[in-house]
K.L.:
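Structure provided below as structure tokens; questions to follow.
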2 protein chains.
Amino acid sequence: MNESTVISEEFFSFLSGKASTAISRRLQRNLKEVKLNITAEQWSILYYLWLEEGLTQQELANFTFRDKPSITRLINNLERLGMVIRVNDKQDRRSNLIYLTKEGRKLRESGMKQASLTIRESLEGVDETDLKIAQEILERVFQNLK
Amino acid sequence: MNESTVISEEFFSFLSGKASTAISRRLQRNLKEVKLNITAEQWSILYYLWLEEGLTQQELANFTFRDKPSITRLINNLERLGMVIRVNDKQDRRSNLIYLTKEGRKLRESGMKQASLTIRESLEGVDETDLKIAQEILERVFQNLK
DNA sequence: ATTGCTTACTTGCATAAACAACCTATAATT
DNA sequence: AATTATAGGTTGTTTATGCAAGTAAGCAAT
């Protein structure tokens with residue numbers, strides 16, 4: 001890419017993240033369809049907790065590419081909804097370890113199911129090899145800018 | 001993609017739009033560096049107006065993949081900043097035609113320049129052919145879900 | 001023990017997003 | 001012409017984001 005790079009329509013849609021916003025809107029819709037009243041952002045936090053509980057907020061921030069204030073507030077909301085609890089780390093009292101409540105664990109199966117559904121809908125007709133390339137490009141862009 | 005599609009780390013980052021959020025953060029930063037105090041979202045509206053003035057809010061919504069309320073508020077803010085004005089369409093009195101002010105037009109050159117800079121930074125080391133593939137995949141995903 | 005640096009999290013402020021409900025102007029149907 | 005449907009915008013509510021500034025706990029090295 002040289003100095004005279006022009007802002008093409010295609011690049012604009014790249015910048016606008018139209019694909020990823022479409023995906024998260026669809027995820028939201030698919031969650032709602034099974035009466036899962038959580039946002040796509042809340043889902044992304046729960047996703048990592050479904051894989052492993054007791055993560056710190058900083059770890060969640062790293063996993064989900066959000067800043068710490070965003071995590072603070074997402075956890076506030078999830079705590080208010082009774083899905084997670086903060087447990088103060090005895091080893092390092094600066095940290096909160098985030099655990100699921102019984103309620104939060106119950107959502108796991110349908111939450112995961114609706115996410116796979118969303119993936120299938122998104123990737124219909126997409127070639128596996130091309131998808132790999134696309135993911136590598138996106139990763140490269142992220143590395144370039146982070 | 002079959003029924004048993006699993007949510008991979010890679011797909012997660014696809015869903016989270018980490019590349020596109022990185023791009024718009026960088027754009028924001030690059031704008032700030034030349035004292036352009038507009039947000040990346042405001043930039044995206046101005047971009048289309050720099051190409052053609054007198055667009056309706058609905059047209060801007062279509063171009064930028066946002067809903068109408070989002071555009072209403074973005075235009076409110078841009079109008080408050082003295083960058084654009086709403087002109088009621090005499091032909092169809094439901095529509096507002098959006099025009100740049102002198103102030104808004106002045107930003108064009110540096111606004112475009114900082115955007116190309118952002119593109120160059122993002123795509124450093126990215127193969128042109130792969131980029132095309134990635135854009136096609138993103139477009140396909142969007143078409144699948146829209 | 002004190003000083004200074006870093007890390008984990010929170011708060012404040014401004015902006016933006018989605019969705020639903022609404023108003024008004026135009027278009028379509030009868 | 002009157003009725004209904006649709007299209008363009010706005011408002012309300014809730015949630016989320018970025019950045020800057022703050023608090024408090026841990027760490028390092030005198």
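Residue numbering restarts at 1 for every chain, and letters A, B, ... go by the order of the sequence lines.
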K.L.:
Starting at the 5' end of DNA chain D, which residue's closest nucleotide do you reach first, Ser70(A) or Gln91(A)?
P.N.:
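Nearest nucleotide further toward 5': that of Ser70(A).
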
K.L.:
Kindly say if Thr39(A) contacts the phosphate of dA16(D), meaning a side-chain N or O under 4.0 Å from OP1 or OP2.
P.N.:
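Indeed, a polar side-chain atom of Thr39(A) lies that close.
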
K.L.:
So does Arg66(A) pair up with Glu41(A), basic N to acidic O under 4.0 Å?
P.N.:
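A salt bridge is absent here (no side-chain N lies under 4.0 Å from a carboxylate O).
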
K.L.:
Which residues pass the ring-ring contact (aromatic ring centres under 6.0 Å, His included) test with Tyr48(A), sequence neighbours left out?
P.N.:
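For Tyr48(A), the residues satisfying ring-ring contact (aromatic ring centres under 6.0 Å, His included) (neighbours in sequence not counted) are Phe63(A), Phe12(B).
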
K.L.:
Starting from C1' on dA16(D), measure out to CG on Leu78(A) and report it in whole angstrom.
P.N.:
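Leu78(A) atom CG is separated from dA16(D) atom C1' by 12 Å.
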
K.L.:
On DNA chain C, does the nearest nucleotide to Gln28(A) precede the nearest nucleotide to Ala40(B) from the 5' side, or the other way round? Give the residue.
P.N.:
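Taking each residue's closest nucleotide, the earlier one in sequence belongs to Ala40(B).
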
K.L.:
When you measure from the side chain of Arg26(A) to the backbone of Thr118(A), do you find a donor-acceptor pair of N or O atoms at a distance under 3.5 Å?
P.N.:
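Flag not set: sc Arg26(A) to bb Thr118(A) has no pair under 3.5 Å.
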
K.L.:
Rounding to a whole Å, what distance do you find between Leu27(A):CG and dA18(C):P?
P.N.:
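Atom CG in Leu27(A) sits about 14 Å away from atom P in dA18(C).
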
K.L.:
In whole angstrom, give the distance that lies between atom CD1 of Ile38(B) and atom P of dT15(C).
P.N.:
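Rounded to whole Å, this separation is 13 Å.
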
K.L.:
If you measure from the Lys or Arg side-chain nitrogens to the Asp or Glu carboxylate oxygens, is any gap between Arg105(A) and Glu53(A) under 4.0 Å?
P.N.:
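Yes, Arg105(A) and Glu53(A) are salt-bridged.
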
K.L.:
Which residue, Ile75(A), Ile45(A), Thr56(A), forms the side chain to side chain contact (heavy atoms under 4.5 Å, CB included) with Ile98(A)?
P.N.:
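Among the candidates, only Ile75(A) passes.
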
K.L.:
Could you give the CD-to-C1' distance, from Glu79(B) to dT15(C), as a whole number of Å?
P.N.:
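In whole Å, dT15(C) C1' and Glu79(B) CD are 17 Å from each other.
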
K.L.:
What is the distance, to the nearest angstrom, from the CG atom on Leu145(A) to the P atom on dG18(D)?
P.N.:
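Going from CG in Leu145(A) over to P in dG18(D) covers 14 Å.
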
K.L.:
Grab the two heavy atoms, one from Gly82(B) and one from Thr101(B), that are nearest each other, plus how far apart they are.
P.N.:
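Closest heavy-atom pair between Gly82(B) and Thr101(B): O-OG1, 2.6 Å.
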
K.L.:
What is the nucleic acid contact for Gln42(A), judged by heavy atoms within less than 4.0 Å: base, sugar-phosphate only, or nothing?
P.N.:
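Gln42(A): backbone/sugar contact only, no base atoms under 4.0 Å.
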
K.L.:
Could you state the atom-to-atom distance from CG of Asn88(A) to C1' of dT10(C) in whole Å?
P.N.:
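Taking CG of Asn88(A) and C1' of dT10(C), I get 14 Å after rounding.
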
K.L.:
Taking atom P of dC9(C) as reference, at what distance in whole Å does atom CD1 of Ile45(A) sit?
P.N.:
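Answer to the nearest Å: 12 Å.
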
K.L.:
Strictly distance-based, threshold 3.5 Å: is any side-chain N or O of Gln42(A) a donor or acceptor partner for the main-chain N or O of Thr39(A)?
P.N.:
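Yes, the answer is positive, given that a donor and an acceptor are paired below the 3.5 Å cut-off.
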
K.L.:
How would nucleotides 5-13 of chain D be written as a contact map, 5' to 3', with B for base contact, S for sugar-phosphate-only contact and - for no contact, using protein heavy atoms under 4.0 Å?
P.N.:
--BBBBBBB

K.L.:
Rounded to whole Å, how long is the line connecting atom CG of Asn77(A) with atom P of dT17(D)?
P.N.:
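Answer to the nearest Å: 10 Å.
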
K.L.:
So which one's nearest nucleotide on DNA chain D is more toward 5', Arg93(A) or Asp67(A)?
P.N.:
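So the residue in question is Asp67(A).
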
